[in-house]
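Structure first, commentary second.
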Amino acid sequence: MKKQEKTAITPTRVEDYPEWYQQVIKASDLAERSPVRGCMVIKPWGYALWENIMKILNDLFKATGVKNAYFPLFIPLSFLEKEAEHVEGFAKECAVVTHHRLEQVAGKKGLVPAGRLNEPLIVRPTSETIIGDSFSKWVDSYRDLPILINQWANVVRWEMRPRIFLRTSEFLWQEGHTAHATKAEAIERTNMMLDIYKTLSEEYLAIPVITGRKSPSERFPGAVDTLCIEAMMQDRKALQCGTSHFLGQNFAKASNILFQTAQETEAYAWTTSWGVSTRLIGGLIMTHGDDDGIILPPKISSAHVVLLPIIRNPDDKHSVMEYVKSLERELKEHSYGNRRIEVEVDTRDIGGARNWEWIKKGIPLRVEIGPKDIAQNAVYVGRRDKRPNEKISMKRNQLVSEIQDLLDQIQSNLFGRAMSFRKEHTVNIDDQKTFYDFFTPNSIEKPEIHGGFTQSHWCGSEKCESKIKEDLSVTIRCLPFMAEPEAGRCICCGEPSQRKVIFAKAY
RNA sequence: CGGGGCGUGGCGCAGCCUGGUAGCGCGCCUGCUUUGGGAGCAGGAAGUCGGAGGUUCAAAUCCUCUCGCCCCGACCA
């Protein structure tokens, strides 16, 4: 077998996409499974991505007046019960704390729970109710509004089938919660935050997204309106990357967020909530990864460049390392996006394996530096968005002065690729048979990568929506904002329809 | 919760059917030789086979119970 044909990740995406995903995570050193069912250990290379996301979002949030705060991990059961739809939506996936002490029992091994709580505590699956309780105390007058709060937190949802980053029992996220005096202002906030998520996705993560509205059945439990950003992964399935909810007065009524208006009347506040999670990292992997591992967009990459000194002869060691160190210093003086250039130096003497490890980790730039290069005051540069062997020699000064430009090229190349992939696999379908064929794999036992996004008419009935879901596991991802209203016939029942929606299989 | 599968050095597996107290590959450590596309050779450390009970002279292997994990479905950021 020729070496060129060897991929760093086995199986390849085409061979077995879900398994490829697991292997990429392992090979890239982002995270690993933990001894706790459904929970993950996020390793430094992966956590750095989350740190960068936090940095970016904090800046974007704060520019709109949002402040960070922190609320309890535990929610009294009675709080969760306050909003009827909310209870129903989350009850099945709650972790419940019932005791506060462990005891040794005579004659038995180990510890048993003791000290039963009067009221069980829920480990937060989301914090609307506990934050609503605080809001109710913070608001007396319309002058106290709006309240614009975000918290960075871990939440627990006891999922049946966990997958690292995409669906874990515990995950990290931010949840924003706001309260407003008027409906219009709350709706404006809901849209504003969705725009921020679109910015994060497209400009930083290089993941193109479709913004839109969820159908009623896909709404957040208790919300009046749920907006979302949806992205297409390389197996052509949809991943919901962020949501922003207009909660109307539902939670204000449940939590008693009352205020006095300028007209001296009493009114319930209008609230919103919005969040993105570590799932974004899963989206990153599945949007940009290839058969050699992940590819990190420079703007959120854990580091930008790795320097790989090549020392064939021990006599060269000193001079090569001096050269590498000075290049490191010089590169670190430059910035890219909202942070300094981050440089890794890998001096391990493990031959070609070293190069491949960094390819698998997805670092944007690999720079090889050996005596031959130094003699010409040059470096040998590999871009992660190119083939592994497609390396070019460039002058050292050129690398330093053009590094931002190089990173920009990679960033926009990744976005461009992802965008054309989505366009290529987004189709208009107007008849039922084509629709069903589109979403049916050739092989049922071992389905190949198939389908994509369709833009098809939907009459608006839940009946059609659930029939399609039952027949094909295909759901309405969103009613896209960009779609102009147009008359047509429902893809399912043939009744008149006002608009096209996005259908896809989803994570 | 329904269907399927699996628990054996750090990781991936073989051995189980036909009981005789562990083996392979990768990784790791040491040395030498190598090094710009995933190194070679030699030596070495590391497991009592998920757990409990049973059958037996003897159990990774047979039986019972149990725990955990993975995959497919329903649920979901």
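Within every chain, numbering begins at 1; the chains are lettered A, B, ... in the order of the sequence lines, protein sequences first and strands thereafter.
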In terms of side-chain geometry, is the basic nitrogen of A:Asp235 or A:Arg13 positioned less than 4.0 Å from the acidic oxygen of its partner?
no
Return whichever of A:Pro18 or A:Thr243 has its heavy-atom-nearest nucleotide of RNA chain B closer to the 5' end.
A:Pro18
Using Watson-Crick geometry (N1-N3 plus N6-O4 or O6-N4) or G-U wobble (N1-O2, O6-N3), each under 3.5 Å, B:U61 is paired with none
Does the ring of A:Trp173 lie flat against the base of B:A77, closer than 5.5 Å centre to centre with planes under 30°?
no
Quick check for you: among B:A77, B:A39, B:C75, whose closest atom lies nearest to any side-chain atom of A:Glu93?
B:C75
Report the base-pairing partner of B:G73 (Watson-Crick or G-U wobble, both distances below 3.5 angstrom), or none.
B:C1
Which one, B:A77, B:A74, B:U35, comes nearest to the side chain of A:Ser473?
B:A74
Give A:Arg33 one of three labels, base, sugar-phosphate or nothing, depending on what nucleic acid heavy atoms sit under 4.0 Å from its own.
sugar-phosphate
NA contact type, A:Gln240, heavy-atom cut-off 4.0 Å: base, sugar-phosphate, or nothing?
sugar-phosphate
Between B:U56 and B:C62, how many Å separate the two C1' atoms, rounded to a whole number?
10 Å
Please name the nucleotide paired to B:G68 by Watson-Crick or G-U wobble geometry with both distances under 3.5 Å, or report none.
B:C6
To the nearest angstrom, the CG-P distance between A:Asp29 and B:C11 comes to 15 Å
Provide the Watson-Crick or G-U wobble partner of B:C28, both distances under 3.5 Å; none if there is no partner.
B:G44
Pair A:Glu357 + A:Arg348, salt bridge at N-O below 4.0 Å
yes
When you compare B:A59 with B:C16, how far apart are their C1' atoms, in angstrom units rounded to a whole number?
10 Å
Is there a side-chain polar atom (N or O) of A:Lys469 under 4.0 Å from OP1 or OP2 of B:C75?
yes
Whichever of A:Ser217 and A:Arg163 has its nearest RNA chain B nucleotide further upstream toward 5':
A:Arg163
Can a side chain N or O of A:Gln22 be found less than 4.0 Å away from OP1 or OP2 on B:C71?
yes
Which whole-number value in Å describes the distance from A:Glu19 CD to B:C72 C1'?
14 Å
For RNA chain B, which residues of residues 355-373 of chain A approach it to below 4.0 angstrom with any heavy atom?
A:Trp356, A:Lys360, A:Glu368, A:Gly370, A:Pro371, A:Lys372, A:Asp373
Interatomic distance where OH belongs to A:Tyr380 and P belongs to B:U35 [whole Å]:
17 Å
Parallel, tilted or perpendicular: which fits the ring planes of A:Phe220 and A:His245, with parallel below 30° and perpendicular above 60°?
parallel
Is A:Asp29 paired with A:Lys43 through a side-chain N to carboxylate O contact shorter than 4.0 Å?
yes
Please report the distance separating the P of B:C11 from the corresponding atom of B:G47, rounded so that it comes out in whole Å.
14 Å
Assess whether a salt bridge exists between A:Lys372 and A:Asp316, defined as any Lys/Arg side-chain N lying under 4.0 Å from an Asp/Glu carboxylate O.
no
Assign A:Thr168 to base, sugar-phosphate, or nothing according to its heavy-atom contacts below 4.0 angstrom with the strands shown.
base
Taking CG from A:Asp316 and P from B:G36, how many angstroms apart are they, rounded to a whole number?
14 Å
Distance check, P atoms only: B:A52 and B:U8, in whole angstrom units.
15 Å
Charged N to carboxylate O under 4.0 angstrom, A:Glu322 versus A:Lys317?
no
Quick one: which of A:Glu462, A:Glu465, A:Arg477 gives a side-chain hydrogen bond (donor to acceptor under 3.5 Å, both in side chains) with A:Ser215?
A:Glu465
NA contact type, A:Leu280, heavy-atom cut-off 4.0 Å: base, sugar-phosphate, or nothing?
nothing
Figure out the CD/P separation between A:Gln23 and B:C11, and round it to whole Å.
14 Å
To the nearest Å, how far apart are A:Met40 CE and B:C69 P?
17 Å
Between B:C49 and B:G9, how far apart are the P atoms? Round to whole Å, please.
10 Å
A:Phe251/A:His86 aromatic ring centres below 6.0 Å
yes
Nearest-angstrom distance, C1' atom, B:C13 to B:C6
12 Å
A:His86 NE2 to B:A77 P, straight-line distance once rounded to whole Å
12 Å
Do we get A:Arg163 above A:Tyr507's six-membered ring, with its NZ or CZ under 6.0 Å from the centre and within 45° of the axis?
no
When the C1' atoms of B:G27 and B:C70 are compared, how many Å lie between them, rounded to an integer?
23 Å
A:Glu218 CD - B:C76 P separation (whole Å):
7 Å
Can you tell me the Watson-Crick or wobble partner of B:A14, both distances under 3.5 angstrom?
none
Has the side chain of A:Arg157 got a donor or acceptor atom sitting under 3.5 Å from an opposite partner on the base of B:C76?
no
Report the nucleotide, chosen from B:C11, B:A39, B:U34, that has the shortest atom-to-atom distance to any side-chain atom of A:Ala353.
B:A39
Pick the C1' atom in B:G15 and in B:G7, then give their distance to the nearest Å.
15 Å
Looking at A:Lys391 and A:Glu368, is any side-chain nitrogen of the basic one under 4.0 Å from a carboxylate oxygen of the acidic one?
yes
